[in-house]
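Below is one structure, written out as structure tokens; the observations come after it.
Residue numbering restarts at 1 for every chain, and letters A, B, ... go by the order of the sequence lines.
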Amino acid sequence: MSKEYNPKEIESKWQQYWQENNIYQVENQSDKSKYYVLDMFPYPSGAGLHVGHPLGYIATDIFSRYKKMQGFNVLHPMGFDSFGLPAEQYAIETGQHPAITTENNIKTFKNQLSKIGFNYDKNTEIQTSSATYYRWTQWIFGQLFNAYFDKKTQKAEDIDTLIDAFEKNGNQNIDAACDENTPIFSASDWKNKSETEQQEILLYYRLAFIAEATVNWCPALGMVLANDEVKDGLSERGGHPVERKKMKQWMMRITAYADRLLDNLENLDWSDAVKEMQRNWIGKSIGCEIDFNLTPLPPVHLERGNIQTSNQSVYYPNLFTTEPEKWKYLKELARNHRKNSTEAENILWQELRNQKLGFKIRRQHAIEDFIVDFVSLEKKLVIEVDGEYHNEKEQKEYDNFRTWTLQNTSFNEIRFTNDEVLNDLNNVLEKIKNRLKNNNSEITIPSPNGEGAGGKVQKLTAFTTRIDTIFGVSYLVLAPEHEVISSLTTTEQKNEVEKYVTWAKNRSELERQSEVKNVSGVFTGSYAINPFNQEKIPIWIADYVLAGYGTGVVMGVPSSDERDFRFAKHFNLPIRLVIEGTENMENPTEKKYGKMINSEFLNGLDTKEAIQKAIQFVENQEIGQSKVNFRLRDAAFSRQRYWGEPMPIYYKNGMPYLVDESDLPLQLPEITEYKPTADGEPPLARAKNWTYKGYPLETTTMPGWAGSSWYFLRYMDSQNQNTFASKQATDYWNQVDLYVGGTEHAVGHLLYSRFWTNFLADRGFISFQEPFKKMINQGMIQGQSALMYRLKNQNTFISWNLRTNYKEEELQELHVDVNIVENNILNIELFKKWRSENENATFLLEDDKFMCGSQVEKMSKRWYNVVNPDDVIEKYSADTLRLYEMFLGPLEQYKPWSMQGIDGCHKFLKRLWRLFYDNEGNLQISNEEPTPAELKALHKCIKGVREDLDRYSFNTPVSKFMILATELIELKCYKKSILEKFLGVLVPYTPHICEELWQNALGYQSSIYHTEFPTFEEKYLTESEYSYPIQINGKMRGNVTFSLDLSKEEIEKMVVENELVQKYLEGNVPKKVIVVPKKIINVVV
RNA sequence: UGUGAAGUAGACCAGUUGGUUAGGUCGUCAGUCUCAGAAACUGAAUGUCGCGGGUUCGAGUCCUGCUUUCACUUCCA
């Protein structure tokens, strides 16, 4: 019987053979070292696979075969993330149970996979929607419900520990991750609470908890989405608009793990891109919260003067800054003060009097209840000189009270110590001058504090990471949603503010994000006081401030923040430079770090020092504290859906309780319709008797990421009935050694599964914190669409290169099915059949062919560029498909699918076949001893392939196989000892053909899969002689052969004497001779 | 805006710590086979390694500046 390479016959044969012999079966206990390879959990969609899907599976299949042949016990399972939206949507539309659709889809999926030659241990397969699986998803949920996070130990602990602590000491000494509004209570408070009240408190601490939260509600999908499921204000799935809505929700306290999730990234062998995305998503920023007091409305009785400024008349208090009644008493006091003034006061007075600084300064002047040292009534600046006693606590309080009062009267205050005046008078005068110049009292509009919300708002707290720039603050901005807005808006500004807030609130998330560059905002009319220099700064509202981040209040520092800069420019607010070197810059925000200037006690410090010193000041003054902020929010866990895991929760007096472990799984009930109920309840509300022990059960289900957050653990021990996976199994298999999948899960699945794994480790169920040690993100395979032109309104198609003969508006560009185009040449017959209207079309040809154009875009049905792997296998073979997908390029890279190269791979397999069988199909294997040249070619290949695979380079071995085949053909080498090693390195890539040749051509009785991966031996690559390339001045001039036994010096000597070298030397003596053994010789003239 | 990746023949990719005349596949061309074509087989040609500087005996590889492309990200104070 003659033997041809007939893939159809051999491929199905061996697929069956492997299956029957169960050669992929995994032992769960072994003395061998383990290796765990995993593909990202597929969702079995109904659409079937296209050629891009198996890319990662082929790579992992190759890698697990490689590892197995190296003697590892390899776990490489496959299963299905089978809860999900498409099946449910289909159920809503057709009434068919999602379980049935899902089952069918999985069947198709598995069928397609097995055709490619993948084989998985059947016993390990899991499906998230089967009760034997989700029973444990529910159990883990229960563990999360019964746990809280201790911040001191940075670990999750049993909730009972917390209850014990409450009973003994209340919660004063507890440092745990909890709700912001958790009240403080004592042990007796706790004991006096009812059970319901106690449960309510516990919800503030549980890692799985219910809370009123603003969620992303998608009305079209009828469900709540997690932050990572929303893109640009639209749902990731389906692209429906998403709105913010307050709802009671199950949540996961992932924020408790923010620090751990961030720190652990360090040790993961993942791409920098994904790590960076996770870092950004967690968004840790270390900063400082700082209070800004508001300037209140001056008491009415002070308004007795009238000062004419440039163009308007504003009321201000004049000389008489206290009431006549008070003045009677204060007059005496003031006189005494003048008589007994300190040395410092006297020295300063000499410099201030007679308008020496350009303004009239008064001495010992009474304001309200106080007598101030010096004052400029015109600029409303009070100058105080403090004696020693000002450092005492009581005096400090008194001073603060006075400062407050002065601010009430719209006076500003500048204060110096005796020492400063005595030792550094010039500096003091400089500061006073500056303040007199800058104190812009003319525009002062007093804050309405005392009106509106009853004057309760006395301060605003801002969050900043750059407290060092505090002296550059020229305004405050609030988010439009901020609740204090109404109480601090002045009557004059009320209309404008209301208009703006309404406008800003009605803008969709999408608009807000896409119009980043548009500056908008409105002034509230109120002012706050910079606690560092008592300066008065206006308070604005702008939508570039997000209510959900920090405190919703930003201190505007136009000189060092891009957005603040734009804002200040737009609204003409002052820009104060605080960093050295920004003085002459058009945009000072381009230099963000450096030495501080114009910043009083921070001057001269660099950014880091200044931040520390400023935080110290803030904390000493008790006007704020250093604070760490995260962008990460707690994750919404409820879905108003049917096709998901039911929560093992029932309600007693409105409080959630866990279903007993022994009653798990809580089975998904059968219902007749999968839509929400008429009054908006989730579909589970339709279920009959949806109760537990007479209490109502939770009606929302778990999100898609619940099941996929721990599936890699179940694979380790998928049949276990007693636990989610035995400790023995998880200890043995440990982390996933190689995880392959797309980048689209960068912040969703990959963050949640890290969270759950960390949690399970904390609770002692497993002994490692991180699920995936090494990850490779495969690039997408893009489609290559075929394009053609048709004359508008005519049934005439134009071959591609003839299009230039027509005007653009005469032509219509169309996509054509790529499966009927080969090498850009259209198969006209098939095209006519493709669409009935093409039957009678006219074709204008070039060189008797109809050419198409091509374009790379996403592989999608819409563009008719989907290539189905089944078709490729039908036309070529599964081995060809596997080889070619790897050959396309590096795994991580995005690359277009093109049929152009696939021929080459197919030809390679045919050439391989011909090494075993001659043209007539006769076996031509010989048992001769191999020659050194043959061994060298083989071992060069083995070495290369091993090195490539060890660094996860899957495309490069392919070309090494091709080179070896070509070399062996050239050498006419049909020797068994060489060819069997060749099959050994090749079998992970093309298992079918290799198994066939192994058993039927070479005559082995058992599977090639059980052989060892060929090892490389250095001795075949080393030679006794080496033909050295000779360079003269770095240029190649020829080759000279030397024995490898010669020393460098000997070679040097011989090189110079060499004819060839002599020719180029032209009688000169070489300056230098470089000999690199086994590499090169370079002669420098 | 930031982060990451990448520019090597007509196309898609290799090129490991600097070291031979930069490789593989497709395509192109020629030959064998054929009445002819397709297929198959055999062979050949094809490169300013994005641009400019630098380091070195020697640079596709290291450093630096510029430039182009792609992916993800994007008001986080």
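In this structure, A/Asp634 contributes its side chain and A/Ile254 its backbone to a donor-acceptor pair below 3.5 Å. With A/Lys943 contributing its side chain and A/Leu938 its backbone, the two residues share no donor-acceptor pair below 3.5 Å. Judged purely by atom type and a 3.5 angstrom limit, A/Ser877 uses its side chain to pair as donor or acceptor with the backbone of A/Thr880.
In this pair, A/His745 and A/His749 present their aromatic rings perpendicular. The plane angle is above 60°, beyond the 30 to 60° band. Classified by interplanar angle (parallel below 30°, tilted 30° to 60°, perpendicular above 60°), the ring pair A/Phe567/A/Trp540 is perpendicular. Below 30°, between 30° and 60°, or above 60°: for A/Tyr989 and A/Phe961 the angle between ring planes is above 60°, a perpendicular geometry.
Between A/Ser285 and B/rA77 there is a side-chain N or O to OP1 or OP2 distance below 4.0 Å. Look at A/Gln893 and you won't find any side-chain N or O under 4.0 angstrom from OP1 or OP2 of B/rA6.
Looking at the side chain of A/Ile963, the nearest of the listed nucleotides B/rG23, B/rU16, B/rA14 is B/rG23. The side chain of A/Thr966 has B/rU25 as its nearest neighbour among B/rU25, B/rG15, B/rC75. The side chain of A/Ser959 lies closest to B/rG24, out of B/rG24, B/rC13, B/rC72. Side-chain proximity of A/Met962 to B/rG24, B/rC75, B/rC72: nearest is B/rG24. Here the side chain of A/Asn1082 is nearest to one of B/rC75, B/rG19, B/rA77, namely B/rG19. For A/Gln1031, counting side-chain heavy atoms from C-beta on, the closest listed nucleotide (B/rC13, B/rA77, B/rG19) is B/rG19. Here the side chain of A/Thr465 is nearest to one of B/rA77, B/rU16, B/rC72, namely B/rA77.
Shown are A/Phe887, A/Phe908, A/Tyr884; of these, the side-chain contact (heavy atoms from CB on, under 4.5 Å) with A/Val958 is made only by A/Phe887.
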Mark up nucleotides 45-50 of chain B, 5' to 3', with B wherever a protein heavy atom is under 4.0 angstrom from a base atom, S wherever such an atom reaches only the sugar-phosphate, and - elsewhere.
-> ------
Collect all protein-nucleotide pairs involving nucleotides 31-34 of chain B in which both atoms are nitrogen or oxygen and the distance is under 3.5 Å.
none

Using the 3.5 Å cut-off, write out each protein N or O paired with an N or O of nucleotides 69-71 of chain B and the distance between them.
none

Mind listing the N/O atom pairs, protein and nucleotides 36-42 of chain B, below 3.5 Å?
none

For A/Phe292 and A/Met555, run side chain to side chain contact (heavy atoms under 4.5 Å, CB included): C-alpha distance rounded to whole Å, both residues' side-chain angles, the deciding distance at 0.1 Å, then the answer.
-> CA-CA 9 Å; A/Phe292 287 79; A/Met555 56 181 227; 4.0 Å; yes
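Residues A/Leu476 and A/Val554 have side chains not in contact (no heavy-atom distance under 4.5 Å, counting atoms from C-beta outward).
Rounded to whole Å, the separation between the P atoms of B/rA30 and B/rC70 comes to 38 Å. Taking atom C1' in both B/rU67 and B/rG50, one finds a spacing of 7 Å when rounded to whole Å. The separation of B/rA59 from B/rG19, taken at their P atoms, amounts to 11 Å, rounded to a whole angstrom. Using C1' as the reference atom, B/rC12 and B/rG7 are 14 Å apart when rounded to the nearest Å. Rounded to a whole angstrom, the distance from the P atom of B/rC35 to that of B/rG23 is 40 Å.
Spacing between atom CG of A/Asn629 and atom P of B/rC76 amounts to 13 Å, rounded to whole angstrom units. Distance, A/Phe954 CZ to B/rC13 C1': 17 Å, rounded to whole Å. Rounded to whole Å, the distance from CZ on A/Phe908 to P on B/rC26 is 12 Å. Here the C1' atom of nucleotide B/rC75 and the CG atom of A/Leu478 are 17 Å apart, to the nearest Å.
A/Thr551 meets the side-chain hydrogen bond (donor to acceptor under 3.5 Å, both in side chains) test with no other residue; sequence neighbours excluded.
Using a 4.0 Å heavy-atom cutoff across all strands shown, A/Val1076 reaches at least one base atom of the nucleic acid. Within the nucleic acid shown, A/Ile1074 comes within 4.0 Å of at least one base atom, counting heavy atoms only. Residue-level contact check: A/Leu888 touches the backbone only, with heavy atoms under 4.0 Å from sugar-phosphate atoms and none from bases. Counting any heavy atom pair closer than 4.0 Å across all strands shown, A/Phe630 reaches no nucleic acid atom.
In RNA chain B, stems built from 3 or more consecutive Watson-Crick or G-U wobble pairs, each with both distances under 3.5 Å, span B:2-7 with B:67-72, B:10-13 with B:23-26, B:28-32 with B:40-44, B:50-54 with B:62-66.
Side chain to side chain, A/Tyr1028 and A/Asn1082 fail the donor-acceptor criterion of an N or O pair below 3.5 Å.
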